[in-house]
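Beneath this line is the structure, given in structure tokens, with notes to follow.
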Amino acid sequence: MTPAATSENDPERGLYGITVAADLVGMGVQNLRLYEARGLLRPSRTAGGTRRYSDSDLVRLRRIGQLLDEGLNLAGIEKVLGLESRVRSLESEARRRRR
DNA sequence: CTTCTGACA
DNA sequence: TGTCAGGA
């Protein structure tokens, strides 16, 4: 469709300010800052220092919310997120190697 | 918008 | 410990 659709649909590109992002995932802005301080998230920053949350950041935030509901603390969630990302890379690596 | 501090369950 | 409110 759109010729420039590649960069416009990049899930890694920061789109939302912290207020909009918190609103979209149903969290408080203070919590989003805390999650970042605890190493659960790394939203991009503008030159002026304001956070920019991407669509994949929102997915990550919703995952954090699920894990919190399940009773994990922030330290545990950081571990889980790390393990999940490692599983993903190992799975894709195994997929490549298999072909 | 940012970081920081304190109260609450 | 995580959440939330208020202030600089």
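No experiment lies behind these values; they were computed from the predicted model shown. We use all heavy atoms of the structure for the numbers below, so side chains are in, but hydrogens, waters and symmetry mates are not. Each chain gets a letter, A, B and so on, in the order its sequence line appears, and its residues count up from 1.
- The hydrophobic clustering, which links ILVMFWY residues whose side-chain heavy atoms are closer than 4.5 Å, places Leu61(A) and Val20(A) together.
- Contact record, Arg60(A) with Leu40(A): NE-O, 2.7 Å, taken as the closest heavy-atom pair.
- Contact detail for Gly14(A) and Ser44(A): the closest heavy-atom pair is CA-OG, 4.0 Å.
- Listed by chain and number, the residues in a side chain to side chain contact (heavy atoms under 4.5 Å, CB included) with Ala22(A) are Val29(A), Leu32(A) (sequence neighbours excluded).
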- line: Heavy-atom contacts, protein to nucleotides 1-6 of chain B, under 4.0 Å, summarised as B (base), S (sugar-phosphate only) or - (none) per nt, yield SBBB--
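- Between Arg95(A) and Glu91(A) there is no salt bridge, since no side-chain N of the basic residue sits under 4.0 Å from a carboxylate O of the acidic one.
- In this structure, Ile18(A) is a member of the same hydrophobic cluster as Leu24(A), with clusters built from ILVMFWY side-chain heavy atoms closer than 4.5 Å.
- Residues in residues 11-38 of chain A take part in these salt bridge (Lys or Arg N to Asp or Glu O under 4.0 Å) pairs, two or more places apart or across chains: Glu36(A)-Arg45(A), Glu36(A)-Arg51(A).
- Protein chain A contacts DNA chain C from dT1(C) to dG6(C), reading 5' to 3' and using non-hydrogen atoms of the protein with a distance under 4.0 Å.
- For DNA chain B, none of the residues of residues 67-75 of chain A falls under the heavy-atom distance limit of 4.0 Å.
- Of all heavy-atom pairs between Asp57(A) and Leu41(A), the closest is OD1-CD1, 3.9 Å.
- Remark: DNA chain B forms stems of 3 or more consecutive Watson-Crick or G-U wobble pairs, all pair distances under 3.5 Å, at B:4-9 with C:1-6.
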